[in-house]
Amino acid sequence: MMSWKVTAALILALFVAGVGSAAAQNEDPGKFDKGSLVTIQGCVRESLTKGAYVLTRVQEWPVANSPNGKYGPRHYWVDTLAAEFKNRVGQTIQLRGKIISVKKSKIDMTPGRKRDLSRIEIERPDIHIAATPHDAGLQPGRSANSDDQQITLLKLRISEILTVMKTCLPES
């Protein structure tokens with residue numbers, strides 16, 4: 001069993017292009033509630049926040065009807081030892097665990113030159129995790145605006161971490 005000392009953060013982002021505000025009507029009731037067991041797979045990348053990591057190109061099981069949760073697109077986060085993810089940057093991993101919390105949160109979008117996104121920040125209860133729009137899976141050329149994107153933030157207690165591949169799959 002892993003230690004739950006909070007020394008690093010991993011945001012497991014299930015970003016989907018063009019997600020709208022009709023989140024609640026498309027969610028999968030029960031599959032992603034507190035106490036549900038899930039498996040997440042993706043590529044580990046360093047975030048723009050020191051000591052934090054993001055999981056890109058996320059796949060999840062059970063298979064969902066939509067990327068939406070109660071408040072907007074589903075995003076996962078875990079607090080665990082930094083070494084668990086630091087040594088896995090550039091690898092495809094699979095995480096299995098139980099959802100222990102479901103919270104309303106948001107993504108702040110920061111414009112770069114020509115108002116295109118240059119950075120996003122995901123709000124967690126204790127820290128904001130910054131990432132590039134590319135690592136967050138946001139559409140290229142998407143413009144920032146003054147509105148934050150509402151998300152469903154699921155805290156995941158990890159029971160198992162598996163290395164699926166020592167590399168990340170090339171982007172399609």
Side-chain angles (χ1 to χ4, degrees), residues 1-45 47 49 51-89 91-108 120-131 135-138 148-165 168-169:
M1 191 64 147
M2 296 169 46
S3 167
W4 292 104
K5 182 177 175 186
V6 178
T7 57
L10 175 68
I11 286 286
L12 309 174
L14 186 65
F15 290 91
V16 174
V19 217
S21 59
Q25 63 214 36
N26 294 326
E27 70 176 283
D28 284 312
K31 283 186 184 178
F32 304 99
D33 285 341
K34 186 175 177 178
S36 297
L37 298 174
V38 295
T39 300
I40 311 283
Q41 180 175 302
C43 175
V44 179
R45 299 275 186 226
S47 79
T49 304
Y53 302 88
V54 293
L55 194 67
T56 64
R57 296 175 290 198
V58 172
Q59 297 176 346
E60 68 182 355
W61 295 271
V63 174
N65 295 324
S66 127
N68 296 319
K70 293 178 182 178
Y71 309 109
R74 282 186 308 279
H75 294 70
Y76 295 86
W77 67 277
V78 238
D79 285 330
T80 193
L81 297 175
E84 290 294 332
F85 303 109
K86 182 178 181 181
N87 297 328
R88 289 184 164 97
V89 171
Q91 296 180 9
T92 301
I93 66 169
Q94 197 172 84
L95 302 169
R96 293 185 181 138
K98 181 185 283 190
I99 297 170
I100 60 171
S101 162
V102 178
K103 295 185 184 279
K104 183 177 185 177
S105 191
K106 63 182 178 176
I107 295 175
D108 294 322
I120 61 101
E121 287 188 9
I122 302 166
E123 291 188 7
R124 281 196 358 197
D126 57 342
I127 190 174
H128 290 203
I129 305 296
D135 281 348
L138 296 177
D148 297 323
Q149 181 176 345
Q150 296 282 325
I151 63 170
T152 301
L153 191 59
L154 305 162
K155 184 173 183 181
L156 193 59
R157 175 172 292 146
I158 302 301
S159 58
E160 185 175 24
I161 300 176
L162 301 170
T163 299
V164 177
M165 292 187 328
C168 294
L169 293 172

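Computed from heavy atoms alone, side chains included, the values below leave out hydrogens, waters and symmetry copies. Numbers here simply count residues along the sequence, with the first being 1.
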For Leu37 against Pro62, the heavy-atom pair lying closest together = O-CD, 3.8 Å
Looking only at non-hydrogen atoms, find the nearest pair between Val38 and Lys31 and report the distance.
-> CG1-O, 4.3 Å
Does the side chain of His75 reach to within under 4.5 Å of the side chain of Ile107, using non-hydrogen atoms?
-> yes
What orientation do Tyr53 and Phe85 show, parallel under 30°, tilted 30 to 60°, or perpendicular over 60°?
-> tilted
Is there a donor-acceptor pair under 3.5 Å between the side chain of Arg57 and the backbone N or O of Leu169?
-> yes
Heavy-atom closest pair, residues Gln41 and Leu55 = C-CD2, 4.1 Å
Side chains of Val44 and Gln91: does their closest heavy-atom pair fall under 4.5 Å?
-> no
Separation between CG (Leu162) and OG1 (Thr39), nearest 0.5 Å, reads 9.0 Å
Nearest-0.5 Å distance, CZ of residue Arg74 to CD1 of residue Ile151 = 12.0 Å
Can you name the residues that form a side chain to side chain contact (heavy atoms under 4.5 Å, CB included) with Lys104, not counting sequence neighbours?
-> Tyr71, Gln150
When rounded to the nearest 0.5 Å, the distance separating CG of Leu156 from OG of Ser36 is 10.5 Å
Would a distance-only check, ignoring hydrogens and angles, find a side-chain to backbone donor-acceptor pair under 3.5 Å from Lys70 to Asp33?
-> no
Sidechain-backbone polar pair: Thr92 side chain, Met165 backbone, donor-acceptor under 3.5 Å | no
Heavy-atom closest pair (Leu154 atom, Phe32 atom, distance to 0.1 Å) is CD2-O, 3.6 Å
With a 4.5 Å limit on heavy-atom distance, are the side chains of Val78 and Glu84 in contact?
-> no
Donor-acceptor pairs under 3.5 Å, side chain of residues 95-102 to any protein atom, not counting sequence neighbours: which ones?
{"unit_1": "Arg96", "atom_1": "NH1", "unit_2": "Glu160", "atom_2": "OE1", "d": "2.9"}
{"unit_1": "Arg96", "atom_1": "NH2", "unit_2": "Gln94", "atom_2": "OE1", "d": "2.9"}

Roughly how far, to the nearest 0.5 Å, is the CD atom of Gln149 from the OG atom of Ser105?
-> 11.0 Å
Would you name the heavy atoms of Val54 and Ser47 that are closest together and state the gap between them?
-> CG1-CB, 4.0 Å
